[in-house]
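So the structure is just underneath, and the comments pick up after that.
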Amino acid sequence: MFGKTHEELANAPLGFRSDLFRDKTVLVSGAGTGLGKATAYLFARLGARLVICGRKTEPLEAAAEGLRQLGAEVLARPMSIRSVDDVDRLHSDVWQQFGGLDILVNNAGGQFPQAAIDFSAKGWGAVIDTNLNGTWHMMQAAARRWRDAGRGGCITNVVAVVWRGMPGIAHTCAARAGVIYLSKTVATEWAPLNIRVNCVAPGVIETEGMNVYPEEARRALPGSNPMRRSGQATDVADAIAYLSGPSSSFTTGEVLVIDGGGQNWGDLWTIPRPAYFADPSAT
């Protein structure tokens with residue numbers, strides 16, 4: 001089974017002191033499942049107020065209920081980050097209800113595995129619009145309010161390890177590469193505003209999202225890194241908490257890779273590997 005249960009996330013070992021984010025308001029997008037859910041749970045256990053958003057109401061409300069059981073104050077909002085109006089309303093409501101925002105975690109996104117040559121214009125556009133444009137809408141909405149209020153903030157964008165490419169999801173590689181270099185650029189532009197911007201790049205992580213890939217590709221994924229296994233959603237959540245906390249106060253414009261060494265070694269396919277690449281003697 002992919003993904004962590006409420007009980008597993010609520011009782012996972014903590015690597016940070018339990019009050020690290022007390023009195024902080026944290027917005028996590030795509031928090032109904034997977035990495036976003038694990039990240040929201042960690043911040044709740046570390047004392048934060050939570051704002052969570054996502055496209056699907058049912059998993060979002062289930063996550064919100066679990067967070068409240070941990071004692072967190074939670075605002076849950078079903079919405080699309082592709083909508084500028086939805087994003088603006090969410091950020092306005094956060095400031096009205098909680099008096100401000102301290103940390104933004106852009107985790108929402110999505111893709112589907114397919115050979116690039118077969119992408120439709122609609123499929124390509126949907127992934128780019130969500131993973132790149134939606135992330136930007138959230139970043140700009142947060143930064144403008146921090147600027148106008150004369151206070152700083154912290155943004156962490158969940159991206160991917162794109163420098164070697166990932167056959168089968170070329171659309172998300174294009175979008176995530178855009179987010180990485182957008183983040184590096186505005187980390188400089190927004191430094192005078194005391195806004196830090198970083199990225200976390202997960203490799204093969206066990207979440208519900210793994211189910212979208214073909215069985216043949218899923219079986220091969222753990223072999224794409226030298227540790228020969230998948231990571232856990234909590235590994236990524238811990239990295240996000242590190243980049244969001246005081247221990248990284250002098251870190252901005254960086255990409256923290258959580259992939260078991262896969263960026264240095266391995267070959268990651270999210271669709272079945274063609275025989276051309278499986279047999280070194282093939283021509």
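Only a predicted model underlies this, so the values are computations on that prediction, with no experimental measurement involved.
The CG atom of Leu67 sits 9.0 Å away from the NZ atom of Lys37 when rounded to the nearest 0.5 Å. The distance from the SG atom of Cys154 to the CZ atom of Arg196 is 4.0 Å, given to the nearest 0.5 Å. Atom OG1 of Thr130 is separated from atom CZ of Arg55 by 7.0 Å, given to the nearest 0.5 angstrom.
When the side chain to side chain donor-acceptor pair (under 3.5 Å) test is applied to Ser92, the partners found at least two apart in sequence or on another chain are Arg145.
Looking at heavy atoms from C-beta onward, Ile81 lies out of side-chain contact with Asp86 at the 4.5 angstrom threshold. Val255 is listed as a side-chain neighbour of Trp163, based on a closest heavy-atom distance under 4.5 Å. Contact of the Pro202 side chain with the Val158 side chain is registered, since non-hydrogen atoms from C-beta on lie closer than 4.5 Å. Within the 4.5 Å cutoff, the side chain of Lys4 has heavy atoms near those of the Gln232 side chain. In this structure, Leu90 and Met138 have side chains that are in contact, with non-hydrogen atoms separated by less than 4.5 Å. Residues Leu243 and Val200 are in side-chain contact: their nearest non-hydrogen atoms beyond the backbone lie under 4.5 Å apart. Looking only at side-chain heavy atoms (C-beta outward), Trp146 and Leu193 stay at 4.5 Å or farther from each other.
Using cut-offs of 30° and 60° on the angle between ring planes, the pair Phe112 and Phe119 is perpendicular.
Remark: of the listed residues Asn157, Asn198, Thr156, Asn157 is the sole one forming a side-chain hydrogen bond (donor to acceptor under 3.5 Å, both in side chains) with Ser183.
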field: Verdict with reasoning, Asp102 to Arg151, per salt bridge (Lys or Arg N to Asp or Glu O under 4.0 Å)
entry: CA-CA 9 Å; Asp102 298 288; Arg151 57 185 283 185; 2.9 Å; yes
task: May I have the step-by-step check of side-chain hydrogen bond (donor to acceptor under 3.5 Å, both in side chains) for Thr172 and Asn131, ending in yes or no?
output: CA-CA 7 Å; Thr172 205; Asn131 295 358; 2.8 Å; yes
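Between Asp129 and Arg82, the closest heavy-atom pair is OD2-NE, 3.3 Å. The two residues Arg45 and Ala12 make their nearest non-hydrogen contact at NH1-O, 2.7 Å. Between Ala76 and Glu61, the shortest heavy-atom distance links the atoms CB-OE2, 4.2 Å. Here the shortest heavy-atom pairing between Ser244 and Ser248 reads N-OG, 4.0 Å.
With Arg49 contributing its side chain and Asp23 its backbone, the two residues share a donor-acceptor pair below 3.5 Å.
No donor-acceptor contact under 3.5 angstrom links the side chains of Thr135 and Asn106, judged on distance only.
Residue pairs meeting the salt bridge (Lys or Arg N to Asp or Glu O under 4.0 Å) criterion with at least one partner in residues 225-250, sequence neighbours excluded, do not occur; the list is empty.
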